[in-house]
There are 2 protein chains.
Amino acid sequence: MMDLSNGRPAGKEAVKDAASERVMAELALAIHEHRLQPGAKLSEDEVGAVYGVSRTVVRAALQQLAHDRLVELRRNRGAYVAQPSVREAREVFEARALLEPRTARSAAERVTEADITALRRHIEDEHAALDMGEPGRALHLSGLFHIEIARIAQQDTIEDFIRQLIARSSLIIALYWQRRTALCESHAHDALLNALASGNGDLAEELMKSHLLDLVSSLDLRNVNSAPRTLQEALGG
Amino acid sequence: MMDLSNGRPAGKEAVKDAASERVMAELALAIHEHRLQPGAKLSEDEVGAVYGVSRTVVRAALQQLAHDRLVELRRNRGAYVAQPSVREAREVFEARALLEPRTARSAAERVTEADITALRRHIEDEHAALDMGEPGRALHLSGLFHIEIARIAQQDTIEDFIRQLIARSSLIIALYWQRRTALCESHAHDALLNALASGNGDLAEELMKSHLLDLVSSLDLRNVNSAPRTLQEALGG
DNA sequence: TGTGACAATGTTGTATACGATTATGTTTCA
DNA sequence: TGAAACATAATCGTATACAACATTGTCACA
């Protein structure tokens, strides 16, 4: 079985109920950090055993994740980590291109000193994770950077959308990333930070736009394997 | 108790399971048509009794609706139809302004003859509902018009977001609508249809943008009552 | 009469049980 | 030997049961 406990104390302190939210967060993190691969089966009994809860709460967590399209529920067949299609991948990044540049502009107009220092430390964490050979964690932090910008823009609703899109982006990257770009484009985040720090909304919007384009171009979204990877069939070649 | 059965046969034919989805759809429709007011309590036992299912499936439905922000779940206290704050209302329409105009443009570029006739009939239904004195139903149809445009644009992901936003808009309108504009702005939909039919993406984008602005301006979003309507406290004035 | 503690009631959170569906393994017959 | 049919096992969908929590009503006491 895959290890899902990830070291952390799993927050037994603040837990009264919210059991399903805890399970959901743990599963989401495991997906974000690529410890759970697309297509992995999430049996209710098994997950429940791992976290010491009943199927009831696991079901609730899985339904939440399914709503965010991180897992796919097949009727009477179980829950599986989602496998976004190429088309879905394109759509996710189109949606991000629609939402994030303008949000970056708003963020530049509302950013505070505290935000800047937080972002700066965030980027340091990213670099540290990369240097320590934890690409999964680095990727997760990289996503959080985008979410942080939405938070700074003070747009809770759009922040929620971006949160969903970034979660799905994590799956997309797991499926379609091509290794070539090794730098993990973290310079883009530095540039964005500078634009925000100087309050330059135009520049922030433009940087975010091109950053997203870079991201898409680092993916291999040719229509090969367009059909989802239920590929026992993919072996027929 | 409020009547939720709404006449329709409630689809006993296609039902094997999917019971929770049926309950969710029924509740969502009741909210969209303003048969359920913001703040209304949705007791699990009560809802279960209405639809003849157990609390288990009601809970699943309520959690889905909570994820869409149509209902609010208070821990150990139950589910209530959401009451968007003024701030939330603004954010919802800002998000719509970000997503829908560009989506209308895409729709204009991809619309088919069949789409046009479907939209045309849709508008007729809207007018009919208005004439027959069913403003709730007219409002619901009006929302579906927007969703239909997103569908035509062939952007499933963005369509999902727009669907959520329109559902919340329905609540916002229930709370903040001011009666003045009587025409219910349905001419805007006619104009949009024409722009789509002629494939004029620029015009469609522009019309959608101003349509949304009109919608916002028909709301009363002054910060009075900015705090949510848990207002037994609101009576302290 | 007003305030605080306590009991009663109702509702939600979670676990478990059972029927239904799907997947798997074995057997049998051509 | 191969394929179809059946039996078996595993997993999910739903209902029900019980415990935990919140709310409300009542009573005692200052």
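In this text, all values refer to a predicted model and were calculated from it rather than measured experimentally. In what follows, chains carry the letters A, B, and so on, assigned in the order in which the sequence lines appear, proteins first and then strands, with residues in each chain numbered from 1.
- Between B:Arg77 and D:dT23, a side-chain N or O to OP1/OP2 separation shorter than 4.0 Å is present.
- Residue A:Asn76 contributes atom CG, which lies 5 Å from atom P of C:dT22 at whole-angstrom precision.
- Checked against ring pair (Phe, Tyr, Trp, His ring centres under 6.0 Å), B:Phe93 has no partners two or more places apart in sequence or in another chain.
- The two residues A:Gln178 and A:Ser218 come nearest to each other via the heavy atoms CG-O, 3.0 Å.
- The separation between A:Leu73 atom CG and D:dT11 atom P is 16 Å, rounded to whole Å.
- For B:Pro38 against B:Ala82, the heavy-atom pair with the smallest separation is CB-O, 3.4 Å.
- Pairing each heavy atom of A:Arg77 with each of A:Lys41, the nearest pair is O-NZ, 3.3 Å.
- The separation between B:Asp45 atom CG and C:dT9 atom C1' is 13 Å, rounded to whole Å.
- Rounded to whole angstrom, the span from the NZ atom of B:Lys41 across to the P atom of C:dG10 amounts to 13 Å.
- When the P atom of C:dT16 is taken as reference, atom CD of A:Glu44 falls 15 Å away, rounded to whole Å.
- Put simply, OH on A:Tyr80 is 9 Å from C1' on D:dT11, counting in whole angstrom units.
- Closest approach of B:Val111 and B:Ile152 over heavy atoms only: CA-CG2, 3.7 Å.
- Applying the ring-ring contact (aromatic ring centres under 6.0 Å, His included) test to pairs two or more places apart or on separate chains, those with a residue in residues 61-81 of chain A are A:His67-B:His67.
- Along DNA chain C, the nucleotide nearest to B:Gly78 and the one nearest to A:Gly52 differ in position, and the one closer to the 5' end is contacted by B:Gly78.
- Near DNA chain D, meaning a heavy atom under 4.0 Å away, the residues from residues 54-65 of chain B are B:Ser54, B:Arg55, B:Thr56, B:Val57.
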